[in-house]
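Letters go in sequence order (proteins before strands), and every chain restarts at 1. These numbers come from a predicted model, not from an experiment.
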Amino acid sequence: MATQHSRSAARLMMAPAVILLLGWMLVPLTMTLFFSFKKYLPLRGDSVANGLEWVGFANYARFLSSSSFWPSVQATLIIVGGVLVITIVFGILLAILLDQPMWGQGVVRIMVIAPFFVMPTVSALVWKNMFMDPTNGILAHLWKAFGAEPVQWLSQASLPSLILIVSWQWLPFATLILLTAIQSLDSEQLEAAEMDGAPVLKRFWFIILPHLSRAITIVILIQTIFLLAIFAEIFVTTGGAFGTKTLSYLIFQRVLESQNVGLGSAGGVYAIILANILAVLLMRVVGKNLDA
Amino acid sequence: MGRIVLDQVSKSFGEVEVIPPLDLTIDDGEFTVFVGPSGCGKSTLLRLIAGLEDTTSGHIRIDGEDATNVSPAKRGLAMVFQSYALYPHMSVRKNIAFPMRMAKMSQEEQDKRIDAAAKALNLTDYLDRRPGQLSGGQRQRVAIGRAIVREPSAFLFDEPLSNLDAALRVGMRMEISELHKKLDTTMIYVTHDQVEAMTMADKIVVLQAGVIEQVGTPLELYRTPRNVFVAGFIGSPKMNLIEGAEAAKHDAHTIGIRPEHIDVSTTEGLWQGTVGVAEHLGSDTFIHIHGVPGCEPMTVRTDGEFGVKHGDTVYLTPNLAHLHRFDAEGLRLE
Ligand SMILES: Nc1ncnc2c1ncn2[C@@H]1O[C@H](COP(=O)(O)OP(=O)(O)O)[C@@H](O)[C@H]1O
Ligand SMILES: [Mg+2]
């Protein structure tokens, strides 16, 4: 009795949140789906009030046949993958470093977290103008100091540069999560491994890394969600040129530059499909780490 | 193989000297127990021997060779931790195999030793489980198994039974003692529980604040405690320590008499007191008696059928053959 009673009470109390969340997701999703099957060019006089022309899968076919589509999927995957690799490798190294007892630990930890608080637009601008500018940037000066020709970072090495900028933003997040995970490792396990004859690298490989697997999984899943949608960094630095046009940036261009809502919506649906393929893949590969 | 000698070994953490310089010899094949109250430096001493802490001064010799600066892995010692320190993501088999894998031992040899250890420790059915799926006693056995397969020259145990329930503890106590008889390897065992020390040890080392108070066999410590601390620490229930006029009668600052060395009578005796709490264990009864000058309360042991109740007057007579005398510094007087 009591449990059934409290269960229905719980359902009742959760209802507003569930309804809100569902509405939040379902309304935009259905609208996107709806528009993706319509011809909707607001500047040519199309409007919802006048009724939109049903075009079937024409928008989908057109988005797919665009010469920018597959390169944009590729750019998206390269950026997501590159940033994940960099943030996790360096995140683990930084976390191990920050876990060592050292002087000024508190201050150092706050400084490591700092980039996370800088807005993406600002950090991209800082990188673009202060570091990567081919005439005035710090990197250009560094190159010149060694007598080398300064690199045109954002045009000659656009994807690596973008990955660098985004990694810089996300490294604190990865570091923070991995640091808390490392701190929860029982030091007696490391001591036991040491007595069992495992040198430093083997202790890392056999004890620390398995212990971090769950935290790494969480970092991968959360970052992937956000990295699929990066926008400001591209907008501010290359504007989608030099092969840095990601799927979300392509959608933005279709909708705003060519004022084609239907086409953009079809792109949005592709983005959803891509995100879900990635999600299923990731859960297959790393999801088992989440089981207790 | 397995003779460990500590020569003027000391340990400080920063300014705090946890272990002042001490000497200690642990003979090959001996079961040595470090016992003392919490925080007295037992674990630190064990970790110094293991090599997990660096000595501040002094030398540690294992089988005649100076091991002071030898890494823990190379000392040939195996340790069982209080938390067991099993590797949670590895199966029991992999846990036990880990030290052999690190030593690059052949697969057949590994399997042979794992099977032997699993059989000896009743773990055969659990080899493919994770530590998280085992009970406390089983985890304990896995930790011991991981130590056995290395065939170390000495085993180090740090309060291995303190996380087990009382019944299991008695069982594991026997198992470890039997293991020692079978392997005949040096074992150093840390505990704060003097019952464990008394029942398991060949040699007990009593520690207080990092200082060795006494080294001896369990019966030596029981019969001739070197000072008041050891007298009060070894034996259960605790020895009654009496100061003042009663002690002066025996030319001592403090006298001690164990509960089992006092005769209780309801009619006549040397001291008079009233019964406080009586603890009935069935075979024995421990009675706490109030009103004896210089000792509050005094504990005595009687047989289980002795019928007194709260508030009764009883008379006590110590067995003078078992009286311990101590001077003002707390040292034993002969
Ligand atoms: N790493 C450490 N740093 C500072 N003090 C320590 C450290 N380890 C132990 N101590 C101190 O040394 C003393 C002895 O500790 P320990 O050997 O763990 O005692 P026991 O095992 O007998 O309970 C304690 O007072 C403890 O606070
Ligand atoms: Mg301890």
Chain A heavy atoms under 4.5 Å from [X]: which part of the residue, side chain, backbone, both or neither?
{"X": "B/R47", "answer": "side chain"}
{"X": "B/A50", "answer": "both"}
{"X": "B/K94", "answer": "neither"}
{"X": "B/M100", "answer": "neither"}

Q. Do other residues, nucleotides or ligands put more than 12 heavy atoms under 6.0 Å from A/Q183 CD?
A. yes
Could you tell me whether [X] and [Y] have a side-chain N and a carboxylate O separated by less than 4.0 Å?
{"X": "B/K11", "Y": "B/E17", "result": "no"}
{"X": "B/E178", "Y": "B/K181", "result": "no"}
{"X": "B/R3", "Y": "B/D27", "result": "yes"}

Q. Is there a donor-acceptor contact under 3.5 Å from the side chain of B/D66 to the main chain of B/R61?
A. no
Q: Heavy atoms only, distances under 4.5 angstrom: which of A/S187, A/G197, A/S213 has the most pairs with chain B? Name it, please.
A: A/G197
Q: Heavy-atom pairs under 4.5 Å with chain A are the metric here; pick the option from B/G51, B/S83, B/A143, B/P88 that has the most.
A: B/S83
